[in-house]
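What you see is a predicted model; the values in this text were computed from it and never measured. Lettering of chains follows the sequences in order, A, B, ..., and the numbering in each one begins at 1. For the numbers below, each heavy atom of this structure counts, side chains included, while hydrogens, waters and symmetry mates do not.
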Protein chains: 2
Amino acid sequence: MSATMADVAREAGVSASTVSRTFSLPETVRADTRERVLAVARRLDFSPNRTASSLARGRTGALGLLVPDIANPYFGEIVKSVQRRARTADRALFLTETGDAHDEAYGLAKAMARQTDGLLLAGPRMPEDMLRSLAAAGPVALIGLHVPQTDCAYAELPVGMRQAVRHLAALGHRRIVYVNGTRTARTAGFRRLMRAACDEFRVELVEHLGPFDLTYDNGRAAADLVPTSGATAVIAHNDMVAHGVAGGLARQGRSVPGDFSLITVDDTYLARAIHPALTAVHVPIDAMGAHGVDLLLARIADPQGPPRLVALPTALTVRESTGRAPAP
Amino acid sequence: MSATMADVAREAGVSASTVSRTFSLPETVRADTRERVLAVARRLDFSPNRTASSLARGRTGALGLLVPDIANPYFGEIVKSVQRRARTADRALFLTETGDAHDEAYGLAKAMARQTDGLLLAGPRMPEDMLRSLAAAGPVALIGLHVPQTDCAYAELPVGMRQAVRHLAALGHRRIVYVNGTRTARTAGFRRLMRAACDEFRVELVEHLGPFDLTYDNGRAAADLVPTSGATAVIAHNDMVAHGVAGGLARQGRSVPGDFSLITVDDTYLARAIHPALTAVHVPIDAMGAHGVDLLLARIADPQGPPRLVALPTALTVRESTGRAPAP
DNA sequence: GTGAAAGCGCTAACAA
DNA sequence: TTGTTAGCGCTTTCAC
């Protein structure tokens, strides 16, 4: 089909090695022969066959990204930033959606590891030992999650969460509902955080831990429980859920922030794309994706190096969904 | 590092070819030797090296997907369905975000074509001749777009659009605004459609063709133009824009559907995820993605076959954002 | 600075 | 049914 290095070599009157060097180590070949080779290559519309190169080199040049749910805007934005960073590093990106099942995700990761130089796991719903086993088998970096002894880029939530609770306390809220999720890795730490922050600011915490996957519909369902809880403010675990809570409250005819204040965590474009715009604990998704790629590339370059953690800052962004607590 | 076919062959007392066949054409090797080979393979934790296989076979087993904007829910849902279908076909998926620049998208497509067996272009913002040139160079299928002489899976919008206008006409709306976008391939056909439908139902059409990229913010800006247009209903080109229009109207203190009715096109989860839920021309995104993959696989299997078009049905889904026109 | 030669790990005739 | 043999297209010592 398409021209090979041998073809170019013949036409240019050099050996295949020289053609190869022209493309992978240009500075090692004399300028004029290089030009000659490139001219022929251009004429023959030649470009190196990546597959052959991968085989010879022993690495593919590709990275693999696994996300639980592509359509979730949080992961959508992660995919976006990872893909962008990968491209600037001249790496192709394999994408796989894992869903929520541990074993399947593990199998998919294993399979993908074979065709890539390294794996990026975003918000993996996997027990730590599986993650460790993957990391032991090849280069792996985690995004949005903190697992000791593993390369990860994650958001430092305590600061932002504390600001959120302080903000509500300052507005006179004395009792808040926290709409949590199940099954995600950050859930546990999250609860502890909320408790600590609420204790510090003397706010009473009501948890809604139902079997909530972090979906719009579950947020909507959670909204029905809010008015009977005695709380005047809600903190939702992520934007999808917050969106559902907002929709549910609106449907009940409740006003935000008139009747209830609402704070979300993550701050994807969804948080700005509803009315009222949501006050949010901003998570630097973009930076997390980019740092994830960097960590992975570093790990690929030096498989033995010590694990690195990159903690990105979070902060409260106040918008329209929070206001003074209604008079009792 | 990891075991090779030669290793397995030696241990199992067979030739490398037999090991190869055991994995790629199992039925051609006798049951007992197959078992023996598989046992050894398991013991050695062997699995075939895809890169080597790709090189020998002359195909990679991977598909490439290009989308303009991953974070846009419309494309997010397409990526999701494509990735799912690709997996059931046992194909890995390369993902690239192209952005809006024609030439860059073209270059990225060319590059990706080299490492895949075929390309899926979703909603490409590219002139037809570029698309044709790509299709001439290798297997290509289009998603969400109808280009003659090319394999495409697209939504048949006339039906749904006509229903939308009829719906508004029946509710007493006599003048509607259409918030269009620039630069996308479907724009032109869309305008014609709207005109035809509006003529049929004796509705006056106001077009807002500003330099609108299809973003939330532009929808918001468009909303400011709505009240002065004299229209009582709005049709938005996609969910992002519709979302922005809804947000903008809410901010102005206008009620939907009390003051203005609003219809969106695409019907991603966004359409349901705001209050009021949006009446929408439903586009079967999932089916489009799946059919796109099937078209591509068929094209890969038979590069010479005639081009195939798959037109998926659209239909109006009435929700809460449309109601009777306000009395003049 | 350039060329010759030996692979990288697997596949696919062709023979046996 | 299985083995032998010759690549797939590129990279990389090692000489020159």
What pair of heavy atoms forms the shortest contact from B/A109 to B/L119, and how long is it?
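The pair with the smallest heavy-atom distance is O-CD2, 3.4 Å.
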Minimum heavy-atom distance between B/S24 and B/R57, given as atom pair plus value: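 In this case the closest contact between B/S24 and B/R57 is CB-NH2, 4.0 Å.
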Assign [X] to base, sugar-phosphate, or nothing according to its heavy-atom contacts below 4.0 angstrom with the strands shown.
| X | result |
| --- | --- |
| B/S54 | nothing |
| A/T18 | sugar-phosphate |
| A/T51 | nothing |
| B/F46 | sugar-phosphate |
| B/R21 | base |
| B/V19 | nothing |

Candidate nucleotides [options], ranked by approach to the side chain of [X] - the nearest:
| X | options | result |
| --- | --- | --- |
| A/S17 | C/dT11, D/dT12, C/dA12 | D/dT12 |
| A/A56 | D/dC10, C/dG3, D/dT1 | D/dC10 |
| A/R30 | C/dT11, C/dG9, C/dG1 | C/dG1 |
| A/S53 | C/dA12, D/dC10, C/dG9 | D/dC10 |

Taking [atom1] from [X] and [atom2] from [N], how many angstroms apart are they, rounded to a whole number?
| X | N | atom1 | atom2 | answer |
| --- | --- | --- | --- | --- |
| B/D7 | C/dC10 | CG | P | 9 Å |
| B/E35 | D/dT2 | CD | P | 12 Å |
| A/F23 | D/dT11 | CZ | P | 10 Å |
| B/R50 | C/dC8 | CZ | C1' | 18 Å |
| A/R57 | D/dC10 | CZ | C1' | 9 Å |
| A/L55 | C/dC8 | CG | P | 9 Å |
| B/Q115 | D/dG9 | CD | P | 17 Å |
| B/R34 | D/dT1 | CZ | P | 10 Å |

Would you say the side-chain atoms of [X] pair up with the backbone N or O of [Y], donor to acceptor, closer than 3.5 Å?
| X | Y | result |
| --- | --- | --- |
| B/R114 | A/S47 | yes |
| B/D151 | B/R308 | yes |
| B/R299 | B/P139 | no |

Hey, is the side chain of [X] poking within less than 4.0 Å of OP1 or OP2 on [N], counting only N and O atoms?
| X | N | value |
| --- | --- | --- |
| B/T4 | C/dG9 | no |
| A/S20 | D/dT11 | yes |
| B/T33 | D/dT2 | yes |

Taking side chain to side chain contact (heavy atoms under 4.5 Å, CB included) as the criterion, tell me which of A/V40, A/V37, A/L38 meets it with A/V19.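 Answer to the side chain to side chain contact (heavy atoms under 4.5 Å, CB included) test with A/V19 among A/V40, A/V37, A/L38: A/V37.
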